[in-house]
Every structure is written in C-alpha cells, then in structure tokens.
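See below for the structure under consideration.
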Amino acid sequence: AMDAGMCVGGGGTGGGGGSGMRVEAYGLQSGMLRIMSTPSTSGYEIAAVATGTRLLRFGCQTINSESWCEIHTIDGGVRGWARERYLRPY
C-alpha cells in the first residue's frame with residue numbers, strides 16, 4: 001500500500017505544495033482573458049483564454065494599483081500573468 005499516491009490532488013483544500021488555486025476566467029467584456037508575459041498591460045500577450053476557462057493561480061502582486069496573479073493553464077502549457085479581478089475560484 002506504499003503507492004497510495006502522494007501526488008493525488010482532490011479534497012478541494014487548495015494551496016500548499018505549489019499546486020495552485022483553481023480559478024476560472026470571468027467578468028470579461030471581451031469574453032477573453034489576456035495572459036501576459038509580465039504582470040503589466042505593457043508586456044506582450046502570451047495567450048488569451050475564453051470566459052469560463054479553468055486555470056491554476058499562484059502568487060499575486062500589486063503593480064500600479066492593479067493586482068496581477070501568476071497563472072498556469074491546467075495542462076501547464078501556458079504560464080503567464082492575468083489580472084486578479086478576472087479570476088474567481090470554482
């Protein structure tokens with residue numbers, strides 16, 4: 001029974017272990033959340049995801065009175081920054 005799986009998520013506790021908080025894109029007038037290379041609108045856009053797209057949120061920081069969070073797509077294929085006000089837990 002040693003293979004009970006230390007890597008299994010589940011439980012919905014969130015946080016810890018660098019697993020990220022589960023969030024989804026919402027509240028976007030354009031319907032698309034821009035994922036930026038840096039926590040700034042002056043960075044370049046890495047990708048854009050549709051409202052309702054599920055993401056993993058890591059640390060956040062406030063830049064020019066706007067809160068930005070590091071986000072990864074669920075598959076880890078895209079990693080960048082998005083504005084916290086367009087992210088909500090699901």
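Source: prediction; values computed, not measured.
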- Any link between Trp81 and Ile63 through a network of hydrophobic side chains (Ile, Leu, Val, Met, Phe, Trp, Tyr) touching at under 4.5 Å?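 Same cluster: Trp81 reaches Ile63 through Ile, Leu, Val, Met, Phe, Trp or Tyr contacts under 4.5 Å.
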- Query: Hey, any chance Trp68 and Leu28 share a hydrophobic cluster, counting ILVMFWY side chains that come within less than 4.5 Å of each other, even indirectly?
  - Reply: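 No, no single cluster joins them.
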- Query: Looking at CZ of Phe58 and OG of Ser19, how far apart are the two atoms once the value is rounded to the nearest 0.5 Å?
  - Reply: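 Answer for the CZ-OG pair, Phe58 versus Ser19, is 7.0 Å.
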- Message: Rounded to the nearest 0.5 Å, what separates atom OH in Tyr86 from atom CD in Gln29?
- Response: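 One gets 7.0 Å once the value is rounded to the nearest 0.5 Å.
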- Query: Can you tell me if Ser67 uses its side chain to pair, donor with acceptor, with the backbone of Thr62 under 3.5 Å?
  - Reply: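 Checked: no pair found.
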- Whether over 12 other heavy atoms sit under 6.0 Å from Asp75 CG: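 Buried by this count: over 12 neighbours within 6.0 Å.
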- With sequence neighbours excluded, residues passing side-chain contact (heavy atoms from CB on, under 4.5 Å) with Arg34: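 For Arg34 the side-chain contact (heavy atoms from CB on, under 4.5 Å) partners, ignoring immediate neighbours, are Met36, Glu45.
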- Item | Step-by-step side chain to side chain contact (heavy atoms under 4.5 Å, CB included) determination, Arg54 to Tyr90 | CA-CA 8 Å; Arg54 293 180 170 184; Tyr90 67 84; 3.3 Å; yes
- Task: Carefully, step by step, assess Glu66 and Arg83 under the rule side chain to side chain contact (heavy atoms under 4.5 Å, CB included).
- Result: CA-CA 7 Å; Glu66 182 91 72; Arg83 280 176 281 191; 3.4 Å; yes
- Identify which one of Leu56, Leu87, Leu33 satisfies the side-chain contact (heavy atoms from CB on, under 4.5 Å) criterion when paired with Ile71.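 It is Leu87; the other options fail the test.
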- Task: Determine, for Arg57 against Glu70, whether the closest basic-nitrogen to carboxylate-oxygen distance falls under 4.0 angstrom.
- Result: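 A salt bridge is absent here (no side-chain N lies under 4.0 Å from a carboxylate O).
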- Message: I'd like to know whether Thr38 forms a side chain to side chain donor-acceptor pair (under 3.5 Å) with Ser40, so could you lay out the CA-CA distance, the side-chain angles of the two residues, the decisive distance to 0.1 Å, and finally the verdict.
- Response: CA-CA 5 Å; Thr38 59; Ser40 166; 4.7 Å; no
- Heavy-atom distance under 4.5 Å between the side chains of Leu55 and Ile74, does that happen here?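 The answer is no, as the side chains (C-beta and beyond) never meet within the 4.5 Å cut-off.
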- Message: How close do Val78 and Ala47 get, counting heavy atoms only, and between which atoms?
- Response: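 Smallest heavy-atom distance, with atoms named: CG1-CB, 4.0 Å.
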- Item | Atom of Pro89, atom of Met21 and distance for their closest heavy-atom approach |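 The pair with the smallest heavy-atom distance is CG-SD, 4.3 Å.
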- Using the side chain to side chain contact (heavy atoms under 4.5 Å, CB included) rule, take Ile35 and Val49 through it: C-alpha gap first, then chi angles, then the decisive distance, then the call. CA-CA 8 Å; Ile35 298 172; Val49 298; 3.8 Å; yes
